[in-house]
Amino acid sequence: DTAVSQTPKYLVTQMGNDKSIKCEQNLGHDTMYWYKQDSKKFLKIMFSYNNKELIINETVPNRFSPKSPDKAHLNLHINSLELGDSAVYFCASSHFGSVSYNEQFFGPGTRLTVL
Amino acid sequence: GESVGLHLPTLSVQEGDNSIINCAYSNSASDYFIWYKQESGKGPQFIIDIRSNMDKRQGQRVTVLLNKTVKHLSLQIAATQPGDSAVYFCAETLMDSSYKLIFGSGTRLLVRP
């Protein structure tokens with residue numbers, strides 16, 4: 001059973017386009033995250049939602065807009081894509097304040113390539 | 001194919017040997033630390049965690065050591081196996097309301113058969 005799933009797995013697009021990445025978790029978690037992993041494998045938090053409310057919003061261009069329609073979904077929409085947006089984007093989820101403090105379960109990633 | 005991570009620090013060990021992966025964390029106020037394993041083409045996977053009130057925690061074949069004085073974490077893997085080959089990340093956070101993980105830069109572990 002897939003715990004955290006993302007679609008699509010690969011996304012190749014032209015500069016200037018708008019694209020969305022979807023994430024769903026079936027773990028019953030109440031907190032979801034988006035991370036960006038660059039070409040050097042550096043992993044950085046972008047956003048976090050708890051019960052559909054934004055709780056972490058790092059210094060990310062406002063071309064990136066997360067949307068959480070419900071606790072099980074956190075989508076990432078990117079406007080006017082730039083070359084520097086090329087990366088692997090990971091979704092993750094966790095229980096807010098769980099006993100296993102902040103064990104985050106990661107999705108398989110979406111590799112975005114902007115041409 | 002994947003061309004990322006070519007400049008990651010790499011630890012190469014013989015199968016069966018013990019591995020030690022080190023990590024320096026940035027915030028002296030961080031009070032919770034996690035090690036993640038990332039295999040090629042997959043997302044990071046939780047390995048083991050430790051709170052700042054401990055200096056050692058053991059799991060199955062893995063041990064995490066925490067030295068708060070020098071802001072240093074290490075992950076020890078006993079009897080390293082080919083399946084342990086991956087990139088390993090440490091992450092730190094504060095037990096506050098944000099639950100924001102700050103990841104280290106990663107170390108690639110290569111296990112030689």
Side-chain angles (χ1 to χ4, degrees), chain A residues 2-6 9-10 21 23 25 27 29-51 53-60 86-113, chain B residues 1-11 21 23 25-27 30-54 57 59 64 66 86-110:
Chain A
T2 303
V4 182
S5 59
Q6 296 178 228
K9 188 165 175 62
Y10 300 97
I21 307 171
C23 178
Q25 53 95 4
L27 297 165
H29 289 160
D30 53 11
T31 305
M32 296 184 71
Y33 312 79
W34 276 110
Y35 288 85
K36 179 181 180 181
Q37 187 170 48
D38 64 21
S39 60
K40 292 185 172 62
K41 285 284 196 180
F42 185 64
L43 198 61
K44 191 173 191 311
I45 182 89
M46 299 172 70
F47 301 103
S48 175
Y49 270 74
N50 172 252
N51 283 320
E53 285 191 33
L54 184 66
I55 58 171
I56 296 174
N57 186 354
E58 290 297 285
T59 308
V60 177
S86 295
V88 181
Y89 292 84
F90 287 100
C91 177
S93 72
S94 71
H95 276 301
F96 193 77
S98 67
V99 173
S100 294
Y101 178 64
N102 195 20
E103 181 176 346
Q104 294 183 18
F105 292 80
F106 283 77
T110 296
R111 181 176 293 279
L112 172 65
T113 303
Chain B
E2 190 177 279
S3 61
V4 298
L6 294 178
H7 302 289
L8 277 176
T10 299
L11 174 66
I21 299 170
C23 173
Y25 63 91
S26 58
N27 187 353
S30 292
D31 52 13
Y32 182 68
F33 306 88
I34 309 171
W35 279 99
Y36 280 89
K37 172 187 180 183
Q38 186 178 19
E39 296 175 277
S40 181
K42 296 184 179 179
Q45 179 184 8
F46 176 95
I47 302 173
I48 192 168
D49 59 358
I50 189 168
R51 300 191 183 201
S52 59
N53 60 354
M54 303 171 69
R57 188 158 191 234
V64 55
L66 173 62
V87 177
Y88 289 80
F89 295 94
C90 67
E92 60 181 300
T93 191
L94 274 165
M95 288 189 184
D96 62 7
S97 60
S98 66
Y99 298 86
K100 184 170 74 175
L101 285 180
I102 306 297
F103 280 83
S105 54
T107 298
R108 184 181 300 281
L109 176 65
L110 293 176

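Just so it is clear, the values below take in all heavy atoms, side chains as well, and ignore hydrogens, waters and symmetry mates. Chain letters run A, B, ... following the sequence lines, proteins first, then strands; residues in each count from 1.
Heavy-atom pairs under 4.5 Å with chain A peak, among B/Gly106, B/Ser105, B/Gly43, B/Pro44, at B/Pro44.
Just one residue in the list A/Phe105, A/Phe90, A/Phe106 forms a ring-ring contact (aromatic ring centres under 6.0 Å, His included) with B/Tyr36, and that residue is A/Phe106.
In this structure, NZ in A/Lys41 is found 6.0 Å from CZ in B/Arg108, a value given to the nearest 0.5 Å. Rounding to the nearest 0.5 Å gives a distance of 6.5 Å between NZ of B/Lys100 and CD1 of A/Ile56. With rounding to the nearest 0.5 Å, the separation of CZ in B/Phe103 from NZ in A/Lys44 is 12.0 Å.
Contact of B/Gln45 with chain A is not made at all, since no heavy-atom distance falls under 4.5 Å. At a 4.5 Å heavy-atom cutoff, the contact between A/Gln37 and chain B is made by side-chain atoms alone.
More than 12 heavy atoms of other residues, nucleotides or ligands lie within 6.0 Å of NZ in A/Lys9, so this atom counts as buried by the packing criterion.
The two residues B/Leu101 and A/Tyr35 come nearest to each other via the heavy atoms CB-OH, 3.7 Å.
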